[in-house]
There are 2 protein chains.
Amino acid sequence: MATREYKQFCGLARAMEMVGERWSMLIVRDLLNGPRRYTDLRKGLPAIPTNILSTRLKQLEEAGLATRRALPHPERAVVYELTEYGRDLEPALIALGRWGARTMTEPRPGEAITAEAVAMSFRTAFRPEQAQDTTVGFEARMGAFTIRLQITDGSLAVGPGMHPAPDLVIERLSGHPVRELMSGSKTPADVLADGSVRVEGDPALLGRFAEMFRF
Amino acid sequence: MATREYKQFCGLARAMEMVGERWSMLIVRDLLNGPRRYTDLRKGLPAIPTNILSTRLKQLEEAGLATRRALPHPERAVVYELTEYGRDLEPALIALGRWGARTMTEPRPGEAITAEAVAMSFRTAFRPEQAQDTTVGFEARMGAFTIRLQITDGSLAVGPGMHPAPDLVIERLSGHPVRELMSGSKTPADVLADGSVRVEGDPALLGRFAEMFRF
DNA sequence: CCGAATCCTGGTAGATACTG
DNA sequence: CAGTATCTACCAGGATTCGG
């Protein structure tokens, strides 16, 4: 395949040769949430041309970042899954995402908000030092989709979908309460008072949420 | 300029729109070492086409990552310099570089080793937790170029060029002793014994060096 | 010499249609 | 569902040229 090379002996150059092409890192981002099928990936990346998606998946497989696996019989589907090497990109993607989030106030016209992008934003906003020794589960219901957040002994697991046994359910009623909490533009008391959010569980946990997820 | 967009409300997508094009991150990497002129950048990126370099510099300027500045009179030169926003990319570049360095054993045929790439590799290999409260200066002479490393109270400053008052000078005589020290394939005693390195200063500091810089 | 702009070519991405 | 195929448009690579 001989992807274009930078002709430099440099770790950054090597990284960019492997995942520097358009869309590659976003595909890895989506796969960080677990194995995904081709059509799941298409859904999470509404603007990607299908030929580019298949090309990138082949390249990721070839580079050892992902594997392609056919599910056993009744499912009759193909799933793509990150290897450990691919998962090791997570810190770099978080660092990039955190940097990019600084100029991100409102969605631009035509921009999609995908579950995977939101999951990523929870990852980038997570403050491990605020979550020391904490174990708590959240379920964030944000209109079209729901995200599950589990913090176990201070380490975070995120994914799209419902939480099996949340300590707190955070349900968006109007506006963007979760984004406002995370950016610090509103306090937990604000969003509870103005009716933009409804919680199930101990409302005090919303304060812990705001401490642990902050840009 | 409307660089191609990913149409997703996601920090990572925003980051890739700003610095995801070919060569952009490597230019930022080189500018991390301080203001550089157009020709300095060309030297540090031997394979970059000149039109791409000027296009990228304009884009970086437009995106607010870098500034273009004409030096006052006698110099009659233009320098490019990162803004604070641009410098904030450093952690992300380090994370990417660290990931990319894992598959980097030997230079591939035709690959250049530039001073900026080596400076970057010291940044990625640096272990702040090993350098707590340490203040020490190194000068690494690696054949064609020399790198200055200053650790002050545990924080690292790197750059090409000589160190004004090094506590230890590490001079390469043969092979790749510094790379071997950092990868752990040789110990300080090894490289001192096999004659691949010569030091000026307290040889015990080579042990500290190997502790603080390790992949 | 420095700092580009220009031109041409070829490769990669985008859009959409189509298929096992 | 999971991709190919095809066509177009754009971007990168390489060489040359140009103005200060």
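Per chain, numbering begins at 1; letters A, B, ... match sequence-line order.
- Taking each heavy atom of Val191(A) and Pro177(A) in turn, the nearest pair found is CG1-CB, 4.0 Å.
- Side-chain contact of Arg208(A) with Thr134(A): a donor-acceptor pair under 3.5 Å is present, judged by distance alone.
- Using a 4.5 Å heavy-atom cutoff, the side chains of Val178(A) and Phe209(A) are in contact.
- Proximity of Arg22(A) to the phosphate of dG14(C): a side-chain N or O atom is located under 4.0 Å from OP1 or OP2.
- For Thr39(A), the side-chain atoms get nearest to dA2(D) when compared with the rest of dG14(D), dA2(D), dG14(C).
- Between dC1(D), dA4(C), dT12(C), one nucleotide has an atom nearer to the side chain of Ser54(B) than all others, and that is dA4(C).
- Phosphate proximity of dA4(C) to Arg68(B): present, with a side-chain N or O under 4.0 Å from OP1 or OP2.
- The number of heavy atoms from other shown groups lying within 6.0 Å of CD (Glu129(A)) is above 12.
- Of the residues in residues 107-115 of chain A, not one comes within less than 4.0 Å of DNA chain C through any heavy atom.
- Looking at heavy-atom distances under 4.0 Å, Arg37(B) makes contact with sugar-phosphate atoms alone, never a base.
- Side-chain atoms of Glu106(B) and Arg179(B), non-hydrogen and from C-beta on, do get closer than 4.5 Å to each other.
- Between Phe213(A) and Leu181(A) there is no side-chain heavy-atom pair separated by less than 4.5 Å.
- Listed candidates were dA12(D), dG3(C), dA5(C). Nearest to the side chain of Arg56(B) is dA12(D).
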Encode nucleotides 15-20 of chain D as B, S and - characters from 5' to 3', where the letter depends on protein heavy atoms closer than 4.0 Å: B to the base, S only to sugar-phosphate, - to neither. B----B
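- When the nucleotides dG14(C), dG3(D), dG3(C) are ranked by their closest atom to the side chain of Tyr80(A), dG3(D) comes out on top.
- When all heavy atoms of Ile170(A) and Leu168(A) are compared, the closest pair comes out as CG1-CD2, 3.8 Å.
- The cationic atom of Arg148(B) (NZ for Lys, CZ for Arg) does not lie both less than 6.0 Å from the six-membered ring centre of Phe122(B) and within 45° of the ring axis.
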Give the C-alpha distance, both sets of side-chain angles, the deciding distance and a yes or no for salt bridge (Lys or Arg N to Asp or Glu O under 4.0 Å) between Arg123(A) and Glu116(A). CA-CA 11 Å; Arg123(A) 286 207 184 85; Glu116(A) 285 79 9; over 6 Å; no
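- Candidate nucleotides dA2(D), dG14(D), dA15(C) were compared by shortest atom distance to the side chain of Pro49(B), and dG14(D) ranks first.
- Along DNA chain D, the nucleotide closest to Glu21(B) and the one closest to Asp40(A) are compared, and the more 5′ of them pairs with Asp40(A).
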